[in-house]
Amino acid sequence: MPDASTHGIPDRLHQLCLELRSATSTLELLDVDGQVPSPLPIRKLLRHTVTAQTLATNTTRLADDLVSSIGAEPSKEQAKALACMVTAVAQTSTAAHLFARIAETAASPAHQPGTTHAESHNGRTLIDHATGRRDLRRASESVQAAGQHLGDHHAYQRFLADMRLPPGPPVMPRSPTTSRP
């Protein structure tokens, strides 16, 4: 059975987890006053979209590499790791979609400031941005969980290897000695 550790998968999972966490903390929408900027900064929002799309692509590629390294019959822990990675793929893809939708909104004509429609628009933008960041954070957690499941799988494999007897002639059990009167 192929081994995910031979392809550097655990290190790559750790690195992706760090990148997702970093993006969660750096992709900010609000200005220094804690308000949605007006007009929306389209260039900044497009960079958020590019970041999320890159993370989604990297997550999908790593999930695909994990599938290739595991093979057709994964262990229980490997299957859990795969499930976590597929979840992370969905989460990063959703985040990329949300950031793209916000950039699209920023590119459309602005609404009259102070109107109900403008306030609703700003509220929706804020919610979508926060949801995109949340999805990246959750993806980071999913990738971290995948790494933990792979670690558990490898620990179990090492345990089984240690349990195997060294090659050589079989050791015969001693027969019980009986004392005679």
Side-chain angles (χ1 to χ4, degrees), residues 4 7-70 74 78-151:
H7 300 282
I9 301 277
D11 291 336
R12 292 172 59 201
L13 286 169
H14 179 71
Q15 181 61 37
L16 180 60
C17 182
L18 293 176
E19 290 171 11
L20 288 163
R21 237 182 245 148
S22 174
T24 299
S25 63
T26 60
L27 299 179
E28 294 185 359
L29 173 64
L30 302 180
D31 62 19
V32 294
D33 297 324
Q35 301 296 315
V36 175
S38 182
L40 288 171
I42 188 162
R43 185 175 188 144
K44 180 179 182 180
L45 294 171
L46 282 172
R47 283 194 306 263
H48 291 190
T49 303
V50 168
T51 298
Q53 287 176 339
T54 301
L55 289 167
T57 299
N58 293 346
T59 304
T60 303
R61 286 185 177 142
L62 185 51
D64 185 55
D65 290 347
L66 180 60
V67 169
S68 296
S69 72
I70 288 175
Q78 288 172 321
K80 288 178 183 179
L82 286 173
C84 289
M85 284 305 295
V86 171
T87 298
V89 167
Q91 291 162 330
T92 56
S93 296
T94 300
H97 170 75
L98 288 168
F99 289 124
R101 187 165 73 188
I102 297 165
E104 178 185 32
T105 299
S108 58
H111 300 286
Q112 184 68 23
T115 64
T116 306
H117 200 300
E119 293 301 317
S120 173
H121 174 280
N122 283 349
R124 182 80 247 153
T125 299
L126 185 61
I127 290 169
D128 283 349
H129 198 276
T131 302
R133 289 177 65 193
R134 179 209 62 198
D135 287 343
L136 291 177
R137 179 184 49 78
R138 287 182 177 173
S140 173
E141 293 166 357
S142 295
V143 170
Q144 182 177 15
Q148 289 171 341
H149 289 301
L150 280 182

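These values consider heavy atoms only, across backbone and side chains, with no hydrogens, waters or symmetry-generated copies. For this chain, numbers begin at 1 and follow the sequence in order.
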Closest heavy-atom contact between Ser25 and Arg133? CA-NH2, 4.1 Å

Correct closest heavy-atom pair for Gly132 and Ala95 would be O-CB, 3.4 Å

Between Arg12 and Gln15, is any pair of side-chain heavy atoms under 4.5 Å apart? no

Could you tell me if the side chain of Val36 sits less than 4.5 Å from the side chain of Leu30, heavy atoms only? yes

Contact summary for Leu13 and Ala146, nearest pair of heavy atoms: CD1-C, 4.2 Å

Any donor-acceptor pair under 3.5 Å linking the side chain of Thr92 with the backbone of Ala88? yes

Flag the pair Arg137 / Leu20 as yes when at least one side-chain heavy-atom distance between them is below 4.5 Å, and no otherwise. no

For Pro74 versus Ala79, what's the shortest heavy-atom pair and its separation? CB-N, 4.0 Å

Once rounded to the nearest 0.5 Å, what's the spacing between atom CD1 of Ile9 and atom CG of Leu16? 11.0 Å

Work out which heavy atom in Glu28 is nearest to a heavy atom in His48; give both atom names and the distance. O-CE1, 3.1 Å

Rounded to the nearest 0.5 Å, the CD atom of Gln91 sits from the CG atom of Leu136 at a distance of 9.0 Å

To the closest 0.5 Å, what do you measure between CD1 (Ile42) and CZ (Arg47)? 11.5 Å

I'd like to know if Arg61 and Asp65 make a salt bridge, using a cut-off of under 4.0 Å between side-chain N and carboxylate O. no

Under the criterion side-chain contact (heavy atoms from CB on, under 4.5 Å), I'd like the reasoning laid out for His97 against Ser93: C-alpha separation, chi angles, the key distance, then a yes or no. CA-CA 6 Å; His97 170 75; Ser93 296; over 6 Å; no

Shortest non-hydrogen pair, Val89 vs Thr59, comes out as N-CG2, 3.7 Å

Is there a side-chain contact between Phe99 and Thr51 in this structure, where contact means two heavy atoms from C-beta onward sitting under 4.5 Å apart? no

From His129 NE2 over to Arg101 CZ, what is the distance, rounded to the nearest 0.5 angstrom? 13.0 Å

Would you call Leu46 and Val50 a side-chain contact if the rule is heavy atoms closer than 4.5 Å? no

Side chain proximity check, Leu45 to Leu29, heavy atoms < 4.5 angstrom: yes

Between the OG atom in Ser22 and the CG atom in Leu55, the distance rounded to the nearest 0.5 Å is 9.0 Å

Non-hydrogen side-chain atoms of Val143 and Met85 separated by less than 4.5 Å: yes

Rounded to the nearest 0.5 Å, the CD atom of Glu19 sits from the NE2 atom of His14 at a distance of 10.5 Å

Report yes if some heavy atom in the side chain of Asp128 is under 4.5 Å from a heavy atom in the side chain of Thr105; otherwise report no. no

